[in-house]
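Here is the structure we will look at, set down as structure tokens.
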Amino acid sequence: MTIAAGSNRSSRIAGFHKLSPRERLDLVAGFAGLDDAQVTHLANMGNLDPVLADKLIENVIGTMNIPVGVATNMKIDGEDVLIPMATEESSVVAAVCNAAKQNYETGFFTSVSGNLMIAQVQAVDVADPAGARIRILEKRDDIKAACDACDPVLVSLGGGFRDVEVRLLDTPSGTMVVTHLIVDTRDAMGANAVNTMAEKLAPAIAAWSGGRVYLRILSNLADRRLARARAVWKASDIGGEAVRDGMISAYEFAAADPYRAATHNKGIMNGISAVVLATGNDTRAVEAGAHAFAARSGRYTSLTTYEVDKDGNLSASIELPLAVGLIGGATKVHPTARACLAILGVTTAERLARIIAAVGLAQNFSALKALATTGIQKGHMALHAQNIAMMAGAVGEEIDRVARLLVERASVRMDVAQKALEEVRGG
Ligand code: MEV
């Protein structure tokens with residue numbers, strides 16, 4: 001049965017947030033005219049407890065299941081690691097497996113710059129910005145005491161306030177005095193910790209600066225929390241010097257051109273966001289930080305570098321902000337995130353960030369290798385063909401058979417899939 005759409009087409013639904021997920025779903029079904037199958041589908045929350053789902057965000061009516069795949073072959077800092085990746089995009093998991101297979105002997109080496117997060121406090125209408133900057137810096141000890149008092153648990157774990165910086169920003173409405181609180185958030189992503197500190201300090205900063213405080217919020221450009229990874233692929237293992245040189249040319253294209261760099265970095269984030277999501281971390285925070293970091297010189301560029309090393313092999317590296325944690329947000333409460341963290345076997349946020357950086361590099365290696373050789377479509381289409389086969393109605397064993405026909409015919413299209421399905425069913 002389809003619930004007729006239009007019985008109530010108003011988006012103003014009083015008390016919507018107070019309803020149960022099922023009650024909300026019924027209202028939405030009425031609004032949108034969802035059929036029974038769609039309602040049953042949305043009501044099935046899979047392996048996420050509806051009570052928990054309803055606590056994680058507001059106005060819940062269902063869940064969105066994304067496949068979790070595991071990338072194999074990764075060796076990171078001498079340790080074999082299985083990587084859970086949550087993504088809707090085919091080829092992403094396979095790309096990491098393939099890249100890691102080609103340098104399994106040596107693997108990836110990683111490091112981090114620390115766990116420091118930055119919170120910003122914006123003061124405006126300051127009569128003497130230069131003087132205000134010095135007055136705020138004079139208060140370092142008071143600032144440290146106030147920040148650390150906000151989070152004694154963090155301090156007991158070795159974290160807490162580390163430094164204060166004050167920047168003067170010229171804007172159309174005058175010079176802003178922007179105070180940066182630099183805080184070691186240890187194994188937390190740290191947004192809550194530093195936002196609390198910024199809000200707590202705001203009145204004092206207003207008084208010291210003689211201005212008015214507006215924004216008090218973390219910066220997602222977490223450039224004091226950089227993760228790095230490097231790896232070498234032997235030229236002989238990747239198809240020879242011509243492949244190596246094609247990949248370096250692909251990197252140089254991204255380094256020189258923001259149009260290409262956006263796509264190059266998107267590919268890197270295919271891997272990074274998949275692990276960030278699988279572990280219940282904030283994909284948008286990491287993505288914002290990565291892209292802002294890629295533009296730090298004033299021109300948007302590649303997050304990775306590729307060179308020929310002294311032995312003629314391909315030497316690659318990546319560096320980017322990676323604000324991820326093991327506590328707080330969904331990481332601790334989402335059972336899938338907890339299970340994924342258990343697969344990774346990580347006990348610190350630093351290790352998680354290091355693994356994620358290595359995954360980003362592996363992802364990028366595979367994309368550049370495919371692009372510099374056969375092109376991306378060959379491998380991509382084999383997997384994409386399965387999606388098209390399913391969209392055409394193939395089920396069970398039909399999916400692989402139809403997908404194979406599409407690849408053989410070099411035509412991964414819906415109409416071709418429908419015809420292929422008829423053939424498979426007919427024969
Ligand atoms: C597709 O999701 C990602 C690529 O476009 C990345 C790249 O071009 O480097 C293949």
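The shown structure was predicted, so the numbers you read here are calculated from the model rather than taken from an experiment. Whatever order the structure lists them in is the order used to number ligands and atoms, beginning at 1.
R230 is linked by a side-chain contact (heavy atoms from CB on, under 4.5 Å) to F109, S317, counting only residues two or more places apart in sequence or in another chain.
Going from atom CD1 of I327 over to atom CG of D187 covers 6.0 Å, rounded to the nearest 0.5 Å.
Between D26 and R22 a salt bridge is recorded (basic side-chain N to carboxylate O distance below 4.0 Å).
Residues Y251 and N364 form no side-chain contact, since every pair of their non-hydrogen atoms from C-beta on lies 4.5 Å or further apart.
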Need the list: ligand 1 N/O atoms against protein N/O atoms, distance under 3.5 Å, rounded to one decimal.
residue: ligand 1; atom: 2 (O); partner: E89; partner atom: OE2; Å: 2.6
residue: ligand 1; atom: 2 (O); partner: K266; partner atom: NZ; Å: 2.7
residue: ligand 1; atom: 2 (O); partner: N270; partner atom: ND2; Å: 2.9
residue: ligand 1; atom: 8 (O); partner: R260; partner atom: NH1; Å: 2.9
residue: ligand 1; atom: 8 (O); partner: R260; partner atom: NH2; Å: 3.3
residue: ligand 1; atom: 9 (O); partner: R260; partner atom: NH2; Å: 2.7

Between side-chain atoms of residues 411-421 and protein atoms elsewhere (two or more places apart, or another chain), which donor-acceptor pairs fall under 3.5 Å?
residue: S411; atom: OG; partner: R413; partner atom: NH1; Å: 3.4
residue: R413; atom: NE; partner: D415; partner atom: OD1; Å: 3.0
residue: R413; atom: NH2; partner: D415; partner atom: OD2; Å: 2.8

Anything under 3.5 Å between a donor and an acceptor, one on a side chain of residues 215-224, the other on a protein residue two or more places apart or in another chain? List them.
residue: R216; atom: NE; partner: Y214; partner atom: O; Å: 3.0
residue: S219; atom: OG; partner: L221; partner atom: N; Å: 3.0
residue: R224; atom: NH2; partner: E165; partner atom: OE1; Å: 3.3
residue: R224; atom: NH2; partner: E165; partner atom: OE2; Å: 2.5

